[in-house]
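Read the numbers this way: they start at 1 and go in the same order the structure lists the ligands and their atoms. On a predicted model such as this, the values are computed, not experimentally measured, just so you know. Heavy atoms only: backbone and side chains are in, while hydrogens, waters and symmetry mates are out.
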Amino acid sequence: MIIQPRTRGFICLTAHPDGALQAVKNQIEYVKSKGAIKNGPKKVLVIGASTGFGLSSRITAAFGSDAATVGVFFEKPASEGKMGTAGWYNSAAFEKEAHEAGLYAKSINGDAFSDDIKKQTIELIKKDLGQVDLVVYSLASPRRTHPKTGVAHSSVLKPIGQAYTNKTVDFHTGVVSDVTIAPVENEEDIPNTVAVMGGEDWKFWMEDLKAAGVLADGVQTVAYSYIGPELTFPIYRNGTIGQAKNDLEATVTVLNDLLKDLNGKSYVSVNKALVTQSSSAIPVVPLYISLLYKVMKAKGTHEGTIEQIQRLFADRLYTENGEVPLDEAGRIRVDDWEMADDVQAEVDKLWKETTTENLSEISDIAGYRKEFFNLFGFEVDGIDYEKDANENVQVPSIE
Ligand code: NAD
Ligand code: NA
């Protein structure tokens, strides 16, 4: 079957297995080109391992440090005339490449928020690896069914207090317009968003893993956060999602206590704004990313998820002297190049000038679009999209 992209808003309904394989191979090649990560992790659990930062974390651990990896994600294989999801094809590609390289890689497909998937994961670690020395927590989800109460929480992306008006772009059409986002009115919206994207589930994972005895002495765990520029504060850092990120960051202290007797450490890494399935859903942010990419590419400081995570492992989590550089709030910062004063000053200036008419000239909207399609295996260089795709692709470790 010939597979073409089919989009609805910021969602792409189809995915291309051969493009996904090539994109995963490209990430692997990048990690290998950077050389071995000294003192890197050996047995790694990645929660949210199929796309975005989590997939890059799994690739970096495996191909930068020869690590055995267990990946947890929520994806769909192909079924009766329907394509599988991008994360399914990515994971099939990752396992294929890892196994060919002689690396252990197994995956668990299901709801990571549930007690059952935690239990299955622990059983797999016990059986195959004994213990893990790194746990990466990289879930991004619009909803979570709470495992203890059964309540289904939905997150919202809204400002708090007052409405927020700014520019936004429809990245398919290139039309720039003003958007006004009303503030939260339902008082449950904030706690619901915190329940989905805050730190409680990360804590539940670490508590269960510890209680089962599957965390190695000196274990590290890292989750991902975002801050960004002032212009997106009302919708991001000071909005509902920012409340969840505050909660996630506060969980570091709780986990450091939990892991103390294992000489373990917990971190939040603040990462750069990048095109992923999650970030394309946030208003205003895609326009900011398009301008940011333009400025950072011109300066030679642009990074994608794989460059970010390779740097996180090599220059932050696994440094030569074993010290992890942190900011004044105790966070790892690999958004440092994004937040550099000269970068932000240029983005600010371009932001004020941006219109539909000059968008393709002053922003990297073309790069944004290409990366968006790349997430789904489309527009990947070297793939012939007129050819029949390899449809029936399986993740080898999943029956
Ligand atoms: P993503 O959408 O690419 O990845 C989300 C992952 O979570 C996928 O592997 C998906 O399968 C998995 N997942 C979602 N719900 C699940 C469930 N119920 N059970 C099991 N797996 C589930 O997202 P991303 O952009 O890589 O985000 C990962 C983290 O990085 C998030 O905390 C996000 O806030 C953070 N972050 C993102 C950006 C950015 O610009 N994209 C920047 C900084 C930090
Ligand atoms: Na991820």
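- With a heavy-atom cut-off of 4.0 Å, Glu75 touches ligand 1 through its side chain alone.
- A distance of 5.0 Å separates CH2 in Trp202 from CG in Leu255, rounded to the nearest 0.5 Å.
- An N or O contact shorter than 3.5 Å is missing between Ala273 and ligand 1 by distance.
- Taking any N or O of Ser225, backbone or side chain, none lies under 3.5 Å from an N or O belonging to ligand 1.
- Between the Tyr368 side chain and the Leu287 main chain, no donor and acceptor come within less than 3.5 Å of each other.
- For ligand 1, the atoms lying closer than 4.0 Å to a non-hydrogen atom of Asp111 are 17 (C), 18 (N), 19 (N).
- Each of the following atoms of ligand 1 lies closer than 4.0 Å to a heavy atom of Ser138: 5 (C), 6 (C), 7 (O), 28 (C), 29 (C).
- Under the 4.5 Å side-chain heavy-atom criterion for ILVMFWY residues, no single connected hydrophobic cluster contains both Phe204 and Ile47.
- In terms of polar-atom proximity, Tyr226 is not counted as a contact of ligand 1, lacking any N or O under 3.5 Å from an N or O of the ligand.
- Ring geometry for Phe94 against Phe63 counts as perpendicular: the plane angle is over 60°, on a 0 to 90° scale with 30° as the lower cut.
- Just one of Glu95, Lys106, His99 meets the side-chain hydrogen bond (donor to acceptor under 3.5 Å, both in side chains) condition when paired with Ser397; it is Glu95.
- Taking 4.0 Å as the cut-off, Arg143 does not count as a neighbour of ligand 1 on heavy-atom distance.
- For Phe113, no nitrogen or oxygen atom sits less than 3.5 Å from a nitrogen or oxygen atom of ligand 1, counting backbone and side chain alike.
- Only the backbone of Ala49 comes within contact range of ligand 1, with a heavy atom under 4.0 Å; no side-chain atom does.
- The shortest N/O to N/O separation between Phe53 and ligand 1 falls below 3.5 Å.
- Within the listing of ligand 1, atoms 15 (N) sit less than 4.0 angstrom from a heavy atom of Ser141.
- Side chain of Glu307 to backbone of Gly304: a donor-acceptor contact under 3.5 angstrom is found.
- Contact annotation: for Thr276 versus ligand 1, heavy atoms closer than 4.0 Å belong to the side chain alone.
- Put simply, the side chain of Lys148 reaches to within 4.5 Å of the side chain of Asp115, judged on heavy atoms.
- Counting atoms of ligand 1 from 1 in the listed order, those under 4.0 Å from a heavy atom of Ser50 are 8 (C), 9 (O), 10 (C), 11 (O).
- Remark: ligand 1 atoms within the under-4.0 Å shell around heavy atoms of Ser279 are 40 (O), 41 (N).
- Each of Lys245, Glu338, Arg237 was compared with Ile227 under the side-chain contact (heavy atoms from CB on, under 4.5 Å) criterion, and only Arg237 meets it.
- Per-residue contacts place Gly48 under 4.0 angstrom from the following atoms of ligand 1 (heavy atoms of the residue considered): 6 (C), 7 (O), 9 (O), 12 (C).
- Close approach of ligand 1 to Gly52 is summarised as follows: ligand atoms under 4.0 Å from at least one heavy atom of the residue are 3 (O), 26 (O).
- For Lys118 (side chain) and Phe113 (main-chain N/O), a donor-acceptor pair under 3.5 Å exists by modelled atom type.
- At least one donor-acceptor pair under 3.5 Å links the side chain of Lys42 to the backbone N or O of Ser65.
- The N/O atoms of Phe74, backbone and side chain alike, include one that comes under 3.5 Å of an N/O atom in ligand 1.
- Assignment of Gly110 to the shell around ligand 1 is supported, since a heavy atom sits closer than 4.0 Å.
- With hydrogens and angles left out, the side-chain atoms of Asn166 and Trp351 include a donor and acceptor closer than 3.5 Å.
- For Gln277, no nitrogen or oxygen atom sits less than 3.5 Å from a nitrogen or oxygen atom of ligand 1, counting backbone and side chain alike.
- The closest side-chain heavy-atom distance from Arg316 to Ser269 is not below 4.5 Å.
- The closest approach between a heavy atom of Arg144 and any atom of ligand 1 is not below 4.0 Å.
- Close contacts of ligand 1 with Lys245, meaning ligand atoms under 4.0 Å from a residue heavy atom, involve 31 (C), 32 (O), 33 (C), 34 (O).
- In terms of N/O distances under 3.5 Å, ligand 1 is not approached by Met197.
- With ring centers used as reference points, His302 lies under 6.0 Å from Tyr293.
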